[in-house]
Amino acid sequence: DGGPFDLDHEGLYGWTASQLSRRLPQWLPRYSGPSDIALVHVGSNDYEADSYDDAVLQPLKNIVSQLRKANPDVIVLVGHVFESGWRAWWMRLRVEATVRSMTTKASPVVTVDHHHGWIARPDEKGTHTFDYAHPNERGQLKMARQWFNAMLPHLRRLVVAKPQ
């Protein structure tokens, strides 16, 4: 719908954190096995919610709980929203605190910084979006690098824990 997206992903454009949290229990059993690493990027579609706790933080806790039910050792990477301004800054602080409260040695929960250096204006040189909100190819590559860098410290643990 208007954008150059690779459709081979689990991205659910336009979904809120609550919608994802409610549907996840139906989807998890369909996979061939539990996830060792989960990439969770929620909150942008909840940006204007009256209660960020209800709209994002509680659903995020539920998502992590559901992923841990499938795999108690899952590594959960939580991407920060791209938006800028005081509300986005406040949202990232709240997510950081929530993530710290959920992380365990067996199942770390780690935030991923997607917002530093993010250029949202589609008419600006080096932009990361085609419409102020959704990543273009440059934005997708920037995100992929950030996701990968966040995974790197955990990959050795996965290889050692699950030898071939």
Side-chain angles (χ1 to χ4, degrees), residues 1-21 24 35-65 67-68 74-105 107-159:
D1 288 69
F5 290 119
D6 174 358
L7 298 178
D8 186 23
H9 58 74
E10 292 295 324
L12 302 162
Y13 298 100
W15 283 51
T16 64
S18 292
Q19 288 173 314
L20 176 60
S21 175
L24 192 57
S35 298
D36 292 317
I37 300 178
L39 283 60
V40 179
H41 195 256
V42 296
S44 291
N45 295 322
D46 300 289
Y47 194 74
E48 298 295 328
D50 291 334
S51 168
Y52 197 68
D53 286 356
D54 294 340
V56 177
L57 300 181
Q58 191 55 53
L60 178 59
K61 291 176 187 177
N62 293 340
I63 290 166
V64 171
S65 176
L67 291 167
R68 284 178 171 162
V74 67
I75 298 159
V76 183
L77 305 179
V78 178
H80 277 305
V81 295
F82 309 130
E83 289 82 7
S84 59
W86 73 267
R87 187 172 179 90
W89 174 81
W90 176 82
M91 291 165 62
R92 286 189 283 272
L93 285 177
R94 300 294 308 277
V95 168
E96 285 290 338
T98 300
V99 162
R100 277 193 306 275
S101 74
M102 290 188 295
T103 198
T104 67
K105 184 174 180 161
S107 175
V109 184
V110 180
T111 56
V112 180
D113 175 359
H114 292 299
H115 66 285
H116 278 100
W118 187 262
I119 302 169
R121 290 182 54 97
D123 58 346
E124 193 171 328
K125 183 179 177 175
T127 186
H128 294 109
T129 76
F130 63 87
D131 66 354
Y132 290 92
H134 298 95
N136 60 18
E137 187 174 347
R138 180 188 300 265
Q140 292 168 359
L141 289 171
K142 178 178 174 44
M143 290 179 70
R145 280 191 295 275
Q146 294 303 99
W147 287 122
F148 181 72
N149 289 337
M151 275 188 244
L152 273 176
H154 305 284
L155 293 178
R156 179 164 171 77
R157 174 183 121 181
L158 293 175
V159 171

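- Under the side-chain hydrogen bond (donor to acceptor under 3.5 Å, both in side chains) criterion, S21 pairs with no residue, sequence neighbours left out.
- Between F82 and H41 the shortest heavy-atom distance is CZ-CE1, 3.7 Å.
- Taking the side chain as every heavy atom from C-beta outward, H154 and M151 never approach each other to under 4.5 Å.
- Here the CG atom belonging to L141 is positioned 5.5 Å from the CD atom belonging to E137, to the nearest 0.5 angstrom.
- A donor-acceptor pair under 3.5 Å links the side-chain atoms of S101 to the main chain of T98, judged by distance alone.
- When all heavy atoms of P59 and A55 are compared, the closest pair comes out as CG-O, 3.3 Å.
- Rounding to the nearest 0.5 Å places CG of L57 at 11.0 Å from CG of N62.
- Put simply, the side chain of S51 gets close to the backbone of D54: a donor and an acceptor are under 3.5 Å apart.
- Nearest approach of Y52 to V95, heavy atoms of both residues: OH-CG2, 3.7 Å.
- Between V81 and R87 there is no side-chain heavy-atom pair separated by less than 4.5 Å.
- Atoms CG and CG, from L60 and L20 in turn, are 9.5 Å apart once rounded to the nearest 0.5 Å.
- When the shell of 6.0 Å around CH2 of W89 is examined, it contains 12 or fewer heavy atoms from other residues, nucleotides or ligands.
- Results of the side-chain hydrogen bond (donor to acceptor under 3.5 Å, both in side chains) test with H80 over H114, H115, E96 single out E96 as the only residue that passes.
- Contact of the N45 side chain with the Q19 side chain is not registered, since no non-hydrogen atoms from C-beta on lie closer than 4.5 Å.
- Between G43 and M91, the closest heavy-atom pair is O-CE, 3.8 Å.
- Between H128 and W118, the ring planes are parallel. Angles under 30° get that label, and only those over 60° would be called perpendicular.
- V112 places none of its side-chain heavy atoms less than 4.5 Å from the side chain of M143.
- Using a 4.5 Å cut-off on side-chain heavy atoms (C-beta onward), V64 and K61 make no contact.
- The shortest side-chain heavy-atom distance between V74 and D36 does not fall under the 4.5 Å cut-off.
- Between the CD atom of E124 and the OH atom of Y132 there is a distance of 9.5 Å, given to the nearest 0.5 Å.
- Under a cut-off of 6.0 angstrom, the local environment of CZ in F148 is sparse, with at most 12 non-hydrogen atoms contributed by other residues, nucleotides or ligands.
- R94 places no side-chain N or O within donor-acceptor distance of the main-chain N or O of D53, the cut-off being under 3.5 Å.
- Here the options are T111, V109, V110, the test is side-chain contact (heavy atoms from CB on, under 4.5 Å), and the partner is L77; only V110 passes.
- A17 and I63 get closest at one heavy-atom pair: O-CD1, 4.2 Å.
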Stepwise, does the side-chain contact (heavy atoms from CB on, under 4.5 Å) test hold for M102 with V76? CA-CA 10 Å; M102 290 188 295; V76 183; over 6 Å; no

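- The distance from atom CG of L67 to atom CD1 of I37, rounded to the nearest 0.5 Å, is 12.0 Å.
- Looking at T127, its side chain does come within 3.5 Å of a backbone N or O of I119 through a donor-acceptor pair.
- Listed for the D46 side chain is no donor-acceptor partner under 3.5 Å among the backbone atoms of T16.
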